[in-house]
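The next block holds one structure in the form of structure tokens; read it before the comments.
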Amino acid sequence: MFSYPSGDRLHIGHWYNYGPADSWARFKKMQGYTIFEPMGFDSFGLPAENYAIKHGVHPAKSTRSNIDFITGQLNQIGAMYDWDHAIETSSPQYYKWTQWLFLTLFKHDLAYQSEAPVNWCESCGTVLANEQVHEGHCERCENPVIRKEMKQWFFRITSFADELLAGLDHLDWPEKTRKLQTNWIGRSEGTHITFKIKGSDEIDVFTTRPDTLYGVTYVVFAPEHPLVEKVASDEQWADVSEYITLTRSRNEIERTSTEREKTGVFTGAYVIHPLTGAELPIWIADYVLASYGTGIVMAVPAHDERDFEFARKFDLPVRVVITQPGTFLDPSLMETAFTEPGVMVNSSEFNGLPSSEGGRLVTEHLARLGSGEQAVTYRLRDWLISRQRYWGAPIPIIHCESCGPVPVPEEELPVLLPEDVDFRPRGKAPLATNKQFMAATCPQCGEAGRRDPDTMDTFVCSSWYYLRYLSPNLEDKPWDPELVKRWLPVAQYVGGSEHATMHLLYARFIARALHSLGLLHFQEPFTRLVHQGIITRDGDKMSKSRGNIVSPDDFLTRYGSDVFRMYMMFMGDYGEGGDWSDTGITGIERFRNRVWRAVGEWYQPEVAPAAAELPKETNRILHYTIQQVTRDIEQFSFNTALSRLMELVNEIYRVVQLPENSRPATAGLNFLLTRLVQLVAPFAPHLGEELWQQLGHETSIFAETWPTCDEQALQVEEQTIVIQINGKVRDSISVPVDIDQKELEQIVLQRERVQQHLSGKQLQKLIVVPGKLVSLVVKS
RNA sequence: GCGAGAGUGGCGGAAUUGGCAGACGCGCCAGAUUUAGGAUCUGGUGUCCUAUGGACGUGGGGGUUCAAAUCCCCCCUUUCGCACCA
């Protein structure tokens, strides 16, 4: 587990994450597993820094006090955290190794600096990774993001795109999350096709539809494409440069809105079609993205929605080259593009071929001519990791006039984050204002250089923390390979689904990168993943602006943490979350009290518990409960596990109120209560320990073995068989489990109610489902 | 627009190799206990009707089947993710 101390206290989401996860771990511990349940703080980063700015304190200070306060709260959860292994990503002992990670990637060409259009958030005053932009808005502050050309640091996550994709198949992760990552990586297969610009260079386009090549009527460059300036004709240059300026001024939402009408201008240049030799005009338009594919699109208006819209607006020709077999498409009458696969027409020797085969042949043909080849493109971009903010790990690079970017030697790590910095955001890296920090000599040539003023994205810190948990105080290495071999990868990871395309993708990438360098024995960091859902209030997400926050502290004071965490587990499916109800928690409070009272009133310490003294039926219910609860906790179905425990408690209350002669013997009841306490303990650890002591034990209940289900005890002698007539339940009977089928049929047919329904009618069919029901079909 | 999930009593939710729909809990009703309130214990509680029986019932409509919340087709609502990705 890893807390993010961006605020000053734990909210209900933290509890929902940590409480049930701890119950699962306690259950596993009782099952005999060795459990390591660490807790630490992801204490660098924008939210922590913004909190500090808002409260007018230094982030080092506010982070410290937040961590201290939250640690106290975490202790209330009653989890098995191993505080000796706690880490803080903002401590030099930790970020020394985050910097080491950066340098390791840099030395293997997996980190690089590049001038590129990046996402810039005005209000945060920093660039953001693609993953941190949602619908054109900053993920954190929700202000619009603009495009800016900047030199930034990137991690080469795209080199691992295929691996990251393939690795998903072997993970025990939610289907949804794997799908999300699959879509985010966005692999698409197609063809690179080379077009010659008339009187100039050659350019490549990427297309997934080589079968439509004969339908290209123009080509579109992204406005930012570096060649635009070169190819634009003198007559068109004024228009072109005006359009480029206009594009730059637009923010991402304006620009990428699909609602917006398409815009663009003609460049005055032409390309030559590689197969027909036709001259096709080159346009620029902002519907083409510079960062995807080659930044240039071959436009096929007849078979692509966007190209069609553009062509209609600017009166460009539409040429049909794919049809459904036996039909005819008139370009002048089309109201929308025909985007389905079909059969090639107007395509010279390829006519009559279906799309898929035709596309393949066109690609092969182009390859022979040297004007094309198969290609794969990804939606995934390299991970932009530099931030123009203060509260993060400094990038351990010294920029030298003559040597370029030079890594800080490992023995000089960490590059300490200076405390004396004006960190208020103003669109420039705050560290750049600290002369003392910036001044450095080049480790390579000894000349004066300057430090990199940027800090790393917090997601870099959290991409490897699980490795550090094992040996947080190790001084000469980031992690201990022996311990890593013994404990990792993580057997069970629990966290929010909001991390699907950020943390969980980054951590996978880092593990794979380190594995490829021979530094880790595994490729995937988190073998099994479960997401907790979101707890809502009145159907809405809790937020300050809605004023519907449920404060854990209030409920803790009133009910205690056992009841609080059990209620969260009882509310609904763990992965779905649920809607908080102030009254619903009383059910759990009663449950806890009933368990407490049952032990207090009916357990008699002077009598040794004895399973044999339990009535058969009660024993069966006990073992059924053990079986179900074990299965349910295993798969994080805490709500049904608690239901089963409630049923067991109800059974206990029932049997103790039976008349003296049919009540279970004290030894049997003692046994039943002992088991109950063990089964409840992972859900309510405080109650579990307390009752265990009352039962006369001096050691922790979590050192006990989890009860196992005796299959024998589950056996019953009689079972209820339902009788259906024409699909409706008309009767039910109790029969021996080993009853002969013929005998059962006889009994069924003799039943009075069956006779009633049969009289004057004809039995057409009789179906026996052993152990469940007998279904009769009758007709008059 | 594309992708994934969800829709079951007054409420939260169970039940998925098709086999008694509504487990468990909240709320509500009744009884017991109590001077009273609270707490506790017991029983009841899907809807409707001509009521020891019967009809209907899992977003809507159709289908397969002896049997459908569950499988198939169409539609509606809703949540989440992506969104001009060529």
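In what follows, chains are A, B, ... by sequence order, proteins preceding strands, each numbered from 1.
Between C29(B) and C76(B), the distance separating the two P atoms is 42 Å to the nearest Å. Taking atom C1' on both nucleotides, A69(B) is separated from A21(B) by 8 Å, rounded to a whole Å. Of the P atoms belonging to G63(B) and A51(B), the separation is 33 Å, rounded to the nearest Å. Look at the P atom in both A6(B) and G44(B): the space between them is 34 Å, to the nearest Å. On the P atoms, U70(B) is 13 Å away from U16(B), given to the nearest whole Å. One P atom belongs to U17(B), the other to C71(B), and the distance between them is 9 Å to the nearest Å. Spacing of C1' atoms, C49(B) relative to G5(B), comes out at 39 Å, to the nearest Å. To the nearest whole angstrom, the two P atoms, one in G7(B) and one in A67(B), are 25 Å apart.
Taking a cutoff of 4.0 Å between a charged side-chain nitrogen and a carboxylate oxygen, Arg663(A) and Glu660(A) do not qualify as a salt bridge.
In this entry the distance linking CG of Leu645(A) with P of A23(B) reads 18 Å, nearest Å. For the pair Asn119(A) CG and A83(B) P, the computed distance is 11 Å after rounding to whole Å. If you take CE of Met502(A) and C1' of C82(B), they are 13 Å apart, rounded to a whole angstrom. Per the geometry, CD belonging to Glu498(A) stands 13 Å off P belonging to C80(B), to the nearest Å. For the pair Asp304(A) CG and C84(B) P, the interatomic distance rounds to 13 Å; values are reported in whole Å. Spacing between atom CG of Asn183(A) and atom C1' of G5(B) amounts to 14 Å, rounded to whole angstrom units. Here C82(B) presents its P atom at 13 Å from CG of Leu505(A), a figure rounded to the nearest Å. Following rounding to the nearest Å, Ile585(A) (CD1) and C11(B) (C1') show an atom-to-atom distance of 16 Å.
Here Asp382(A) pairs with Tyr112(A), Thr158(A) under the side-chain hydrogen bond (donor to acceptor under 3.5 Å, both in side chains) rule; sequence neighbours left out. Not a single side-chain hydrogen bond (donor to acceptor under 3.5 Å, both in side chains) links Asn17(A) to another residue, sequence neighbours left out. Taking Arg590(A) as the reference, nothing meets the side-chain hydrogen bond (donor to acceptor under 3.5 Å, both in side chains) condition, with sequence neighbours excluded. Partners of Tyr624(A) under the ring-ring contact (aromatic ring centres under 6.0 Å, His included) rule, at least two apart in sequence or in another chain, do not exist in this structure. Annotation: side-chain hydrogen bond (donor to acceptor under 3.5 Å, both in side chains) contacts of Asn639(A) (sequence neighbours excluded): none. Taking the side chain to side chain contact (heavy atoms under 4.5 Å, CB included) definition, one finds that Lys728(A) meets it with Arg730(A), sequence neighbours left out.
Against the 90° criterion about 0, the sugar-base torsion of G13(B) places it in the anti range.
Annotation: Glu601(A), atom CD; neighbour count of heavy atoms from other residues, nucleotides and ligands within 6.0 Å is above 12.
Classified by interplanar angle (parallel below 30°, tilted 30° to 60°, perpendicular above 60°), the ring pair Phe638(A)/Tyr574(A) is perpendicular. Using cut-offs of 30° and 60° on the angle between ring planes, the pair Tyr287(A) and Phe310(A) is tilted. Between Phe195(A) and His273(A), the two ring planes are perpendicular [angle over 60°; tilted spans 30° to 60°]. By the 30° and 60° cut-offs, the orientation of the rings of Trp283(A) relative to Phe266(A) is tilted.
Residue order along RNA chain B, read from the 5' end via each residue's closest nucleotide, puts Trp184(A) first among Leu380(A) and Trp184(A).
Within the model, atoms CZ of Arg565(A) and OH of Tyr16(A) stand 13.5 Å from one another, a figure rounded to the nearest 0.5 Å.
Among the heavy atoms of the strands, none lies under 4.0 Å from Thr377(A). Counting non-hydrogen atoms under 4.0 angstrom, Arg178(A) reaches nothing in the nucleic acid. Residue Thr586(A) is classed as a sugar-phosphate contact, given heavy-atom separations below 4.0 Å to backbone atoms only. Using a 4.0 Å heavy-atom distance criterion, Thr583(A) is classed as a sugar-phosphate-only contact. Counting non-hydrogen atoms under 4.0 angstrom, Arg381(A) reaches a base of the nucleic acid.
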_As a check on the pairing definition, encode RNA chain B in dot-bracket form, counting Watson-Crick and G-U wobble pairs whose two distances are under 3.5 Å, and using | for partners outside this strand._
(((((((..(((......[....)))((((((.......))))))((((...))))..(((((..]....))))))))))))....
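The salt bridge (Lys or Arg N to Asp or Glu O under 4.0 Å) analysis of residues 290-299 of chain A, with sequence neighbours excluded, yields no pairs.
With A86(B), C20(B), G5(B) as the candidates, the nucleotide lying closest to the side chain of Val297(A) is A86(B).
Taking only side-chain nitrogens and oxygens, Lys728(A) comes nearer than 4.0 Å to OP1 or OP2 of C56(B).
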Might you list the N or O atoms of the protein lying below 3.5 Å from N or O atoms in nucleotides 37-47 of chain B, with each pair's distance?
{"unit_1": "U40(B)", "atom_1": "O3'", "unit_2": "Arg597(A)", "atom_2": "NH1", "d": "3.2"}
{"unit_1": "C41(B)", "atom_1": "OP1", "unit_2": "Arg594(A)", "atom_2": "NH1", "d": "2.5"}
{"unit_1": "C41(B)", "atom_1": "OP1", "unit_2": "Arg597(A)", "atom_2": "NH1", "d": "3.4"}
{"unit_1": "C41(B)", "atom_1": "O3'", "unit_2": "Gln657(A)", "atom_2": "NE2", "d": "3.4"}

Can you name the atoms? Protein N/O to nucleotides 63-67 of chain B N/O, anything below 3.5 Å, with the distance.
{"unit_1": "C66(B)", "atom_1": "OP1", "unit_2": "Lys765(A)", "atom_2": "NZ", "d": "2.9"}
{"unit_1": "C66(B)", "atom_1": "O2", "unit_2": "Ser775(A)", "atom_2": "OG", "d": "2.7"}

For residues 591-600 of chain A, which side-chain donor-acceptor pairs fall under 3.5 Å, sequence neighbours excluded?
{"unit_1": "Arg592(A)", "atom_1": "NH1", "unit_2": "Tyr559(A)", "atom_2": "O", "d": "2.8"}
{"unit_1": "Asn593(A)", "atom_1": "ND2", "unit_2": "Glu589(A)", "atom_2": "O", "d": "3.4"}
{"unit_1": "Arg594(A)", "atom_1": "NH2", "unit_2": "Asn650(A)", "atom_2": "OD1", "d": "2.9"}

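The six-membered or imidazole ring of Phe555(A) lies away from that of Trp15(A), with a centre-to-centre distance of 6.0 Å or more.
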*asked:* Please encode protein proximity along nucleotides 12-18 of chain B as a string of B, S and -, counting only heavy-atom distances under 4.0 Å.
replied: BSS----
